Amino acid sequence: MALHLLIQRGGAQRSVPILEGREYVIGRSADCDVPLDDAEVSSRHAIARVRGGALEIEDLESTNGTYLDEVRLRRPIALAPGRPVRMGRHLIGVHESARGEKGDAPREVKKEAPSARRIRAPEIEAGAEDKKTLPPIPDEPPSPFTEAQRKRRDQYRAIRQEIHRELFARLDLKRLVMSGVRDEELSERARKSIDAIIEGMGESIPRNVSKGQLASDVFDEAMGLGPLEPFLADPEVTEVMVNGPDNVYYEKAGKLHLSENQFLDEHQLLGIIERIVAPIGRRVDESQPMVDARLKDGSRVNVIIPPLSLKGPCVTIRKFSKTPYTVRDLVNQFGSFTQPMADFFRVCVQIRKNIVISGGTGSGKTTLLNVLSGYLPPSERIVTIEDAAELRLHQHHVVSLESRPANIEGRGAIMIRDLVRNALRMRPDRIVVGECRGGEALDMLQAMNTGHDGSLTTVHANAPRDALARMETMVLMAGMELPVRAIREQIASAIHLIVQQDRFSDGTRKVTSVTEIVGMQGEVISMQELFRYVQTGIDEKGRVLGYFTATGCVPTFMEEIRIRGGDLDPGIFERAPPREAGG
């Protein structure tokens, strides 16, 4: 039998063949035999060795430890198939296979000098391992259309183009809009004209084409956002991606799907882009081929056109629910975090702790920020600052500020940093910045340190420690010649909590870590993790399995919570026994 290490993080997995009598060092360092790109893994984390046909794992006194069934290893153990150990965010398992199976046999290893104790293990492509040991990665997006589907789409497009041309010949929509005709009257004229055109085409419309659907599509093209309208109306669609006029993708239940909907041509797509950006005073053309905008419902829009985009105009729409999500939705419906964690967030906001929400693109940072903002007292003056206004706070005393790009002469740009500075003169009780991505981080930290505590913001980062490093970088982007220690001291005194939000392979979004900043130790910012999400695997349907747990650490400000009358049970910080939970 041949043995393999099975290494999994999220939905990705790989296999490393291992040989009898060898030792393999596992760790974050690139010099390790089995390197793991994980900030929670030590440089030299553990050793895997094969003795008597069995795999033995020994932790090398790593900082964060190696866990089997959530019990930290204190001595070497023999690892059985189907019972992986956890190192940071990685699961390490073992797989036995008969020699000769495809991809199983290890490659020949060159002999080193007698003093060398270890040999780098070659890797093989994922897929050769037993799928019963680690579940398969979820299905990929749908394949491209068949020839019959493409033929049917081209025919339908030609009919729409003909109706579209006739409609504009009968109704000069642009002139009617400029002359001040009300939207309701304009829509009614357009619907009547479309119905008359379709009726006049008679038998030239194939029987397999629904005239009602055809009329609706042409109306959307003329008065709305064309092929995008069905996705904007579907509450289950969370994102829409347009890669040129012929390719429209949408995300539903965390999966990407290729739609049969198409734009008539690039000209129609550019016209719809103009309808999106014009009402909010933005523009997009060759001199300014990128723009961020929003729809009337608050959905975020990004547009990039040629010459920067080689596939034609590209539009990305991040939809927002017409009814904003609540804490109950994130806890009960989506399983993003637990009720005890929600209680802790509520108390932290109420006693004015500064909170940074960290996560990758599409991980749900803005949604979580909006939910946490709901805990802000209605009696306080709140100033929100965003690139494109997305937050929807229900408090009465809210002032929303939005940045502005440069005009056609390249002047008049108002950046986030300018708005943060101006907000300090507006007598805010709380400042909520949609995202820190540049020099405004310095102004935000200074505000947090000078009486504007209880502020909230988000940053792009893959882990709490990475979020601190990114904050350092953004402060340096402000152009101030500050020593690194001074920056870290500012961060350590300003920020109280980092809430890490991650998106998993099945499309779910969860709070994977809640970390408190506890001060400085020498040149390093000290942190302690209070809650974490532990992934235990993936089921046969590709859904992430895992559970939330407290780490056993208690916040340093528990006495402050008690003094300020915060209603919080200290028992929520006790480490609970592991339990299996679906995504």
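All values derive from a computational prediction rather than experimental measurement.
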Where do Asp506 and Arg543 land on the salt bridge (charged side-chain N to carboxylate O under 4.0 Å, His left out) test, with the steps shown first? CA-CA 5 Å; Asp506 61 353; Arg543 293 176 299 195; over 6 Å; no
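Put simply, the side chain of Arg562 never gets that close to the backbone of Asp567: no donor and acceptor are under 3.5 Å apart. A donor-acceptor contact shorter than 3.5 Å is absent between the side chain of Ser299 and the backbone of Ile317. Of the possible donor and acceptor atoms, none in the side chain of Ser62 sits under 3.5 Å from a partner among the backbone N and O of Ser42. Side chain of Arg9 to backbone of Leu36: no donor-acceptor contact under 3.5 angstrom is found. Under a 3.5 Å cut-off, the side chain of Asn354 and the backbone N or O of Gly454 do form a donor-acceptor pair. For the pair Glu23 (side chain) and Val50 (backbone), a donor-acceptor distance under 3.5 Å is absent. Listed for the His45 side chain is no donor-acceptor partner under 3.5 Å among the backbone atoms of Val25. Under a 3.5 Å cut-off, the side chain of Arg564 and the backbone N or O of Ile351 do form a donor-acceptor pair. Side-chain atoms of Glu516 come within 3.5 Å of backbone atoms of Thr556 as a donor-acceptor pair (strictly under, hydrogens ignored). Judged by distance alone, the side chain of Gln395 and the main-chain N or O of Leu376 form a donor-acceptor pair under 3.5 Å.
Using a cut-off of 4.0 Å between Lys/Arg side-chain N and Asp/Glu carboxylate O, Glu560 and Lys353 are scored as salt-bridged. Between Asp453 and Arg352 there is a salt bridge, since a side-chain N of the basic residue sits under 4.0 Å from a carboxylate O of the acidic one. Ion pairing between Arg503 and Glu251 holds under the 4.0 Å rule for side-chain N and carboxylate O. One finds no salt bridge joining Arg421 and Glu440 here, because no Lys/Arg side-chain nitrogen approaches an Asp/Glu carboxylate oxygen to under 4.0 Å. With respect to Arg427 and Asp429, a salt bridge is recorded, a charged nitrogen being found less than 4.0 Å from a carboxylate O.
Looking at Ile26 and Asp33, their side chains never come closer than 4.5 Å, going by heavy atoms from C-beta outward. The closest side-chain heavy-atom distance from Arg72 to Thr66 is not below 4.5 Å. Using a 4.5 Å heavy-atom cutoff, the side chains of Gln333 and Arg328 are not in contact. Residues His95 and Ser15 fail the side-chain proximity criterion, which asks for heavy atoms closer than 4.5 Å. Looking at Leu256 and Met241, their side chains come closer than 4.5 Å, going by heavy atoms from C-beta outward. At a threshold of 4.5 Å between non-hydrogen side-chain atoms, the residues Leu368 and Tyr325 do not count as touching. The shortest side-chain heavy-atom distance between Ile47 and Leu60 falls under the 4.5 Å cut-off. Taking the side chain as every heavy atom from C-beta outward, Val41 and Asn64 never approach each other to under 4.5 Å.
Under the rule for a side chain to side chain contact (heavy atoms under 4.5 Å, CB included), the partners of Asp387 that lie at least two apart in sequence or sit in another chain are Ser403, Ile416, Arg437. Qualifying ring pair (Phe, Tyr, Trp, His ring centres under 6.0 Å) partners for Phe337, counting only residues two or more places apart in sequence or in other chains: Phe345.
With no hydrogens or angles considered, no side-chain donor-acceptor pair links Ser363 and Gln501 at under 3.5 Å. Checking His460 against Glu435 by side-chain atom types alone, a donor-acceptor pair falls below 3.5 Å.
Partner Glu40 forms a side chain to side chain donor-acceptor pair (under 3.5 Å) with one of Arg89, Arg532, Arg28 and no other, that one being Arg89.
Between Phe573 and Phe344, the ring planes lie perpendicular to each other; the angle is over 60°, past the 30° to 60° tilted range.
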Would you give me the side-chain donor-acceptor pairs under 3.5 Å for residues 485-494, sequence neighbours excluded?
{"unit_1": "Arg485", "atom_1": "NE", "unit_2": "Glu489", "atom_2": "OE2", "d": "3.1"}
{"unit_1": "Arg485", "atom_1": "NH1", "unit_2": "Gly522", "atom_2": "O", "d": "2.3"}
{"unit_1": "Arg488", "atom_1": "NE", "unit_2": "Glu472", "atom_2": "OE1", "d": "3.4"}
{"unit_1": "Arg488", "atom_1": "NE", "unit_2": "Glu472", "atom_2": "OE2", "d": "2.8"}
{"unit_1": "Arg488", "atom_1": "NH1", "unit_2": "Glu523", "atom_2": "O", "d": "2.7"}
{"unit_1": "Gln490", "atom_1": "OE1", "unit_2": "Asn449", "atom_2": "ND2", "d": "3.1"}
{"unit_1": "Ser493", "atom_1": "OG", "unit_2": "Asn449", "atom_2": "OD1", "d": "3.1"}
{"unit_1": "Ser493", "atom_1": "OG", "unit_2": "Asn449", "atom_2": "ND2", "d": "3.4"}
{"unit_1": "Ser493", "atom_1": "OG", "unit_2": "Glu489", "atom_2": "O", "d": "3.0"}
{"unit_1": "Ser493", "atom_1": "OG", "unit_2": "Gln490", "atom_2": "O", "d": "3.1"}

